[in-house]
Amino acid sequence: MANIAAKRIKREFKEVMNSEEVAGGYIKLALVGESWTELQGTIAGPPDTPYEGGTFQLEIKVPETYPFNPPKIRFVTKIWHPNVSSVTGAICLDILKDQWAAALTLRTVLLSIQALLSAAEAGDPQDAVVAKQYRESQHLFILTARHWTNIYAGGPTVIWEFNQKVQRLVDMGVDAHEARVALSHYDWELERATEQIFS
């Protein structure tokens, strides 16, 4: 890896480790293996959001051209959010694309992703299905996001009704995640989700 990039990342790594956000348990950064090109980020779901109480892992790949080009970041932990793909974990955030600036750091990026969880941009979605639910049925969106946070990110809120519907499909031989995705896409209407899976 280019020396400039490696030096810069080591410095930023230290900055994150010594930050008050790490002390408060809001963000974390860890090395994956020996190289400075692959990192694992962790963010806590912000309070007063459906993600509260959840812990979300991020995959961070740092290019050799860093800090002149942004790191590639995606959610490893599955999440129900308009600006994150529920399939790949890809994130739609301007500073990870055309609004990147060399002055930005991994700490500011992690905090920006965490802020995105508090304030979704449904007008510029990464996941059209989630964005549609977010715009048209806010209550259902919040319940679905809480459910995904509970199942995948260790969040505290168990939504029994959703668990039972997933179980009904699992009993028919459907994979639990596939069942959850179908139900989430069809606003938790069991019949429509079942039709979609078996059609």
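Values below: every heavy atom of this structure, side chains too, minus hydrogens, waters and symmetry copies.
Residues in residues 190-199 take part in these salt bridge (Lys or Arg N to Asp or Glu O under 4.0 Å) pairs, two or more places apart or across chains: E189-R192. Applying the ring pair (Phe, Tyr, Trp, His ring centres under 6.0 Å) rule to pairs touching residues 101-133 yields nothing, sequence neighbours excluded. Sorted by first and then second residue, the ring pair (Phe, Tyr, Trp, His ring centres under 6.0 Å) pairs involving residues 113-140 (not counting sequence neighbours) are Y134-F141. Among pairs with a residue in residues 36-56, none fulfils salt bridge (Lys or Arg N to Asp or Glu O under 4.0 Å), at least two apart in sequence or across chains.
The ring-ring contact (aromatic ring centres under 6.0 Å, His included) search around Y51 returns H81, not counting sequence neighbours. Applying the side chain to side chain donor-acceptor pair (under 3.5 Å) criterion to S112, with sequence neighbours excluded, gives no partner residue. Residues passing the side chain to side chain donor-acceptor pair (under 3.5 Å) test with E59, sequence neighbours excluded: R74. Applying the side chain to side chain donor-acceptor pair (under 3.5 Å) criterion to D175, with sequence neighbours excluded, gives no partner residue.
F68 shares a hydrophobic cluster with no other residue; no ILVMFWY side chain has heavy atoms under 4.5 Å from its own. Chaining together hydrophobic side chains whose heavy atoms lie under 4.5 Å apart places V174 alongside L140, L143, I159, F162, V166, L169, V170, M172, L183, W188, L190, I197, F198. Membership of an apolar cluster is not assigned to V76, as no side-chain contact below 4.5 Å to another ILVMFWY residue is traced.
For the atom pair CH2 of W80 and NE2 of H185, the computed distance is 4.5 Å after rounding to the nearest 0.5 Å. Summarising the geometry, atom OG1 belonging to T55 is positioned 13.0 Å from atom OH belonging to Y26; distances are rounded to the nearest 0.5 Å.
The pair E15-R11 does not meet the salt-bridge criterion, since no charged nitrogen lies less than 4.0 angstrom from a carboxylate oxygen.
A side-chain hydrogen bond (donor to acceptor under 3.5 Å, both in side chains) with Y152 is found for one member of K78, Q57, H177, H147 and no other, namely H177.
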List the atom pairs, with distances to 0.1 Å, where a side-chain N or O of residues 121-128 and a protein N or O form a donor-acceptor pair under 3.5 Å, not counting sequence neighbours.
from : atom 1 : to   : atom 2 : distance (Å)
D127 : OD1    : V129 : N      : 3.3
D127 : OD1    : V130 : N      : 3.3
D127 : OD2    : S86  : N      : 2.8
D127 : OD2    : S86  : OG     : 2.7

